[in-house]
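This report concerns only the one structure given below.
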Amino acid sequence: MTYSAPERSAERALARRQLAKVYRMGGCGACQHRLTNWGGCQYDRTFPRCMSTPGKQFELDHSKLEK
């Protein structure tokens, strides 16, 4: 599917807002693999390094971002 320029711009703006929320939560606070609300990974990993190394990676918990 091809988006028009305004649609791409809107998608990028939404993605930037979500990314900012994730970083404000400390990264791990928005992951499905967290042990507590503000960090602690089940797999002994840290954000954002967990996104670029092999193994279990960051999975966004959408319900946490909506709060």
Side-chain angles (χ1 to χ4, degrees):
M1 178 176 211
T2 304
Y3 292 113
S4 66
E7 290 171 331
R8 279 193 308 270
S9 177
E11 288 287 325
R12 285 188 190 121
L14 290 172
R16 279 193 301 270
R17 286 186 201 121
Q18 280 189 337
L19 186 60
K21 284 182 185 180
V22 168
Y23 274 102
R24 276 194 302 266
M25 296 175 76
C28 292
C31 183
Q32 291 181 355
H33 303 297
R34 71 186 176 282
L35 292 174
T36 61
N37 285 338
W38 288 100
C41 182
Q42 297 174 11
Y43 303 106
D44 257 352
R45 300 175 66 87
T46 56
F47 182 84
R49 185 77 175 149
C50 65
M51 295 172 61
S52 61
T53 56
K56 281 289 187 179
Q57 293 192 345
F58 178 85
E59 291 183 37
L60 183 62
D61 186 358
H62 291 282
S63 65
K64 209 52 180 159
L65 280 184
E66 293 172 359
K67 291 182 180 178

Can you tell me how far the [atom1] atom of [X] sits from the [atom2] atom of [Y], to the nearest 0.5 Å?
{"X": "Cys28", "Y": "His33", "atom1": "SG", "atom2": "NE2", "result": "10.5 Å"}
{"X": "Leu65", "Y": "Arg17", "atom1": "CG", "atom2": "CZ", "result": "13.5 Å"}
{"X": "Thr46", "Y": "Met51", "atom1": "OG1", "atom2": "CE", "result": "12.0 Å"}
{"X": "Asp44", "Y": "Lys56", "atom1": "CG", "atom2": "NZ", "result": "15.0 Å"}
{"X": "Met25", "Y": "Cys31", "atom1": "CE", "atom2": "SG", "result": "10.5 Å"}

(request) For the residue pair Phe47 and Phe58, categorise the inter-ring angle as parallel (less than 30°), tilted (30 to 60°) or perpendicular (more than 60°). (result)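 Tilted: the ring planes of Phe47 and Phe58 meet at 30° to 60°.
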(request) Kindly indicate whether the side chain of Arg16, heavy atoms from C-beta on, has any atom under 4.5 Å from the side chain of Arg12. (result)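 With C-beta onward as the side chain, the pair touches.
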(message) Are the side chains of Lys64 and Arg34 in contact, using a 4.5 Å heavy-atom criterion?
(response)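 With C-beta onward as the side chain, the pair touches.
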